[in-house]
Amino acid sequence: MKLGDLLAQIKKYINDPDLSIVEKAYFFAEEAHRGQFRYSGEPFIEHPLGVAFILAELELDIISIAAALLHDVVEDTGVSSETIRAEFGEEIALLVDGVTKLSRLKFQTREELQAENLRKMFIAMAEDIRVILIKLADRLHNMRTLKYLNKEKRIVKAQETLEIYAPLAHRLGISKLKWELEDLAFLFLEPEKYYEVARKVQANRAQREKDIQLALDILNNRLKEVGLKAETYGRPKHLYSIYQKMKKKEIEFEEIYDLTAVRIIVDTVRECYEVLGVVHELWKPIPGRFKDYIAMPKSNMYQSLHTTVIGPKGDPLEIQIRTPEMHRTAEYGIAAHWRYKEGKTGDQAFEEKLSWLRQLLEWQKELQEPQEFMEALKIDLFEDEVFVFTPKGDVISLPKGATPVDFAFSIHTEIGYSCIGAKVNGQIKPLDYRLQNGDIVEIQTTRVSTGPSRDWLNFVKTSKARSKIKYWFKMQARDEIIQRGKELIEKELRRRQIELKDSEKQKEFERLAKKMGKNTAEEILEMIGYNQVTPQQIVSRLKVVQENVELAEQPVFKEKRKPVRRSSTDKGVKVKGVENLLVRLARCCNPVPGDEINGFITRGRGVSIHRADCPNMQLLLETEKERIIPVEWDNRADEYYHVNLAIEAYSKKALLNDITSLMKEEQIELSSVVARTDKYNRAHIQLSMELSNLQHMQEIMQKLDQIPGILSVNRA
């Protein structure tokens, strides 16, 4: 692909565009990525150019396309966000920064990484939806070239695409992206089934096209007779949707008759219903297969009339009827309503279309556990919908399988808390009743809120209901949690043989609460009780504790040798402008030569050396800035430094043997190896060793990453 292809695509939907910013972004990105290549061997610039072209196909604004060209520059080259801001302005810089932040997140487990990535993604979407549109285009282009990665990484990326990115494209209404993401993920996850379905689709394609053409000819002739002007065509179903139907209904390919749908596009909503009457006059409709998404649009803005009839050959024939605007929304989703394209701001209708996103963010603030967040997210984003009514006739959209309790919480939290019963279509129903399309729901409440029942957690479907129920019980148990935090703090103080009067403790905790952005000392104890921080971390921050401030969790591996205090020259670190100071390397981050480092003056234990990106150093820069001093490496060839590496891999035989064989080959002695397998059959391995410098560590990490089965290697 060339720059000219991108510019030509933009000109198809923007009259006389000013393309200077796009050209500038392209040449800037080309220069920044020069010398970088993808796994396919092609120059790296092909990737941002491909992402930009996908957005141009979605007819996005020029600012979005320029940001797409630059989206990897900050992450993968030496260019800073400030340079992007200076060269291209605030709007493009914010979009690039939003995409970059999504790529830079690092977490200990894949589940935590996925959950936190999504939290960040939704926050970015709430601020500017274009961030996620660029991210979706980025994922689609990567999926198109996924074959160049090794098998294990292909499977991980494809699974993530199928579970997160394709449903997200669906939730945003962008079917143009959703279908291709699904089919590509299907290809890499189940290639045999993919090619089997593809072969069968191709085998009877000619006959199927002939049958559809027959139906179109009959339909067009009848529409012409009644004076209705319409565009009609057959739309083949995508391979993954066919496969899903086979699995869901437990049928063979030969039992699926509606492999192609007929789409009818007319000028007005009134004509949509007129065409529906013509279709039902021509062919007998199948009961229960009519859906009016014009009167009740899906939450992703999709509108159409759907009906399935017995076609001219006696087989089921699916028909979709819509206007050109509805069709555009069905293909491009949120991108079709993009307010920035027209230079409009404060568009109330557009804001309403994103209300589901802001509700999602609000509901899930209370979900702390990554696994809980992921489960709730999949319900909110990816489930089918049912439409029910309030007694006043307002339409409420809920996920399939929702109950009256879900309905109550969707109206208002207090209605959920005071709910004692429900009437559906005028009849009393149990609270775990599964709501159906068209149900009229009336919630019965008490004047004084009695609170939810724990049993409700067994059947509620929406994340709002689940999170609000849990939040209720969380608040009821707050006093117990605070007491637990207090006991843990007392235990830690006793362990360190620290005696403090109650008044001293209260004073210290109030000071610490202020530094941590909390209002009261009880909030600190609550954090400890909920295991959000450890008592060791809190005690280490108290001024009265005359110890080095190492706030991280206790190290995973215990040192085999006792730590030895050495001078700065002994340890390969120089304190700028000072000689013969006692220094030691912090065990929370284990810096090695080549890392950017800072020194922290401890009380009575010399200078503690931390990596500049160590979370503890970041905290110290905020709370103890006056005790930070500049240091630098003065490394000698015979020095070795302690390093912990965390490996995630597919659990398989001989994996540990492959790792230890590599260590032996590299003449590296392991201090310890800790391994476990999770419920997803993933292996999590931590290696403890001594290496000479940062380059040495990076070489070992690169060689470990090449072992078959290994998914990631990171510093622990």
Side-chain angles (χ1 to χ4, degrees), residues 1-3 5-7 9-10 21-58 60-106 113 117-118 120-121 124-125 127-149 153-154 156-157 160-161 164-165 168-169 177 181 184 702 705 712 714:
M1 185 180 295
K2 302 296 182 185
L3 174 61
D5 299 326
L6 174 62
L7 300 180
Q9 180 64 28
I10 296 171
I21 193 72
V22 175
E23 294 171 336
K24 181 180 177 181
Y26 172 80
F27 290 117
F28 187 95
E30 184 184 42
E31 176 65 28
H33 290 299
R34 187 163 294 162
Q36 295 179 347
F37 296 90
R38 308 193 77 212
Y39 283 108
S40 61
E42 64 185 3
F44 191 88
I45 189 62
E46 289 291 326
H47 172 62
L49 187 58
V51 173
F53 192 84
I54 291 169
L55 294 182
E57 289 180 313
L58 292 176
L60 250 67
D61 59 312
I62 285 176
I63 294 295
S64 300
I65 292 169
L69 288 166
L70 298 165
H71 80 273
D72 276 331
V73 166
V74 174
E75 182 184 357
D76 293 338
T77 74
V79 176
S80 68
S81 297
E82 289 71 24
T83 302
I84 298 295
R85 187 169 285 102
E87 291 286 335
F88 296 95
E90 185 69 22
E91 193 175 2
I92 289 177
L94 287 174
L95 292 177
V96 173
D97 189 49
V99 178
T100 301
K101 283 178 180 176
L102 297 183
S103 304
R104 280 184 172 173
L105 300 166
K106 300 293 181 186
L113 178 145
N117 261 331
L118 286 164
K120 292 287 186 182
M121 193 181 295
M125 286 164 64
E127 293 174 355
D128 195 324
I129 197 71
R130 291 176 294 180
V131 170
I132 196 58
L133 296 178
I134 295 171
K135 191 66 180 176
L136 284 171
D138 174 59
R139 174 51 62 108
L140 176 56
H141 191 264
N142 281 330
M143 288 298 294
R144 288 174 178 175
T145 55
L146 197 63
K147 64 182 179 181
Y148 296 105
L149 298 184
K153 291 179 180 177
R154 287 202 303 267
V156 169
K157 290 289 184 186
E160 188 179 59
T161 297
I164 302 299
Y165 288 94
L168 186 54
L177 298 187
L181 286 169
L184 287 169
Q702 189 174 12
D705 194 44
S712 65
N714 296 292

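Heavy-atom basis, side chains included; hydrogens, waters and symmetry copies ignored.
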- Message: If I take atom CZ from residue R154 and atom OG1 from residue T161, how far apart are they, to the nearest 0.5 angstrom?
- Response: 13.5 Å
- Item | Partners meeting side-chain hydrogen bond (donor to acceptor under 3.5 Å, both in side chains) with K147 (sequence neighbours left out) | none
- Task: Give the minimum heavy-atom separation between A68 and P48, together with the two atoms involved.
- Result: O-CB, 3.8 Å
- Note on the structure: Shortest non-hydrogen pair, S64 vs I134, comes out as O-CD1, 4.0 Å
- Note on the structure: With sequence neighbours left out, the residues meeting side chain to side chain contact (heavy atoms under 4.5 Å, CB included) with D5 are M1, K2, F53
- Item | Minimum-distance pair of heavy atoms, taken over all atoms of L55 and L133 | CD2-O, 3.6 Å
- Hey, could you give me the NZ/CG distance between K157 and L146, rounded to the nearest 0.5 Å? 8.5 Å
- Identify the heavy atoms of G50 and H141 that sit nearest to each other, and give their distance. CA-CD2, 3.6 Å
- Message: Holding to side chain to side chain contact (heavy atoms under 4.5 Å, CB included), I want the full list of residues that pass it with T83, two or more places apart in sequence or in another chain.
- Response: F28, V79, S80, E87
- Note on the structure: Separation between NE2 (H71) and CG (D97), nearest 0.5 Å, reads 14.0 Å
- Set of side-chain hydrogen bond (donor to acceptor under 3.5 Å, both in side chains) partners for Q702, sequence neighbours left out: none
- Partner set under side chain to side chain contact (heavy atoms under 4.5 Å, CB included) for E23, not counting sequence neighbours: L3, L7, F27
- How many angstroms lie between atom CD of Q36 and atom CG of D76, to the nearest 0.5 angstrom? 6.0 Å
- Item | Side-chain heavy atoms of V96 within contact of V73, under 4.5 Å | no
- Closest heavy-atom pair, L177 versus A169, reported as atoms and distance to 0.1 Å, is CB-CB, 4.3 Å
- Residue set satisfying salt bridge (Lys or Arg N to Asp or Glu O under 4.0 Å) with E46, at least two apart, ordered chain then number -> none
- Query: Looking at I65, I45, I21, which hits side-chain contact (heavy atoms from CB on, under 4.5 Å) with Y26?
  - Reply: I45
- Would you please name every residue forming a salt bridge (Lys or Arg N to Asp or Glu O under 4.0 Å) with E82, sequence neighbours left out? none
- Least distance between heavy atoms, P43 atom then R38 atom: O-CG, 4.3 Å
- Message: So L184 and R139, do their side chains get closer than 4.5 Å, heavy atoms only?
- Response: no
- Query: Distance from R85 atom CZ to E91 atom CD, nearest 0.5 Å?
  - Reply: 12.5 Å
- Could you tell me which residues satisfy side-chain hydrogen bond (donor to acceptor under 3.5 Å, both in side chains) with T77, sequence neighbours excluded, listed by chain and number? none
- All ring pair (Phe, Tyr, Trp, His ring centres under 6.0 Å) counterparts of H33, not counting sequence neighbours: F44
- Message: Could you tell me if the side chain of N142 sits less than 4.5 Å from the side chain of D138, heavy atoms only?
- Response: yes
- Apply side chain to side chain contact (heavy atoms under 4.5 Å, CB included) to A25 and list each qualifying residue two or more places apart in sequence or on a separate chain. A66, L69, L70, F88
- Query: Do H47 and E42 come within less than 4.5 Å of each other through their side chains, counting heavy atoms only?
  - Reply: no
- E57 meets the side-chain hydrogen bond (donor to acceptor under 3.5 Å, both in side chains) criterion, sequence neighbours left out, with none
- d(I54 CD1, L58 CG) to nearest 0.5 Å is 8.0 Å
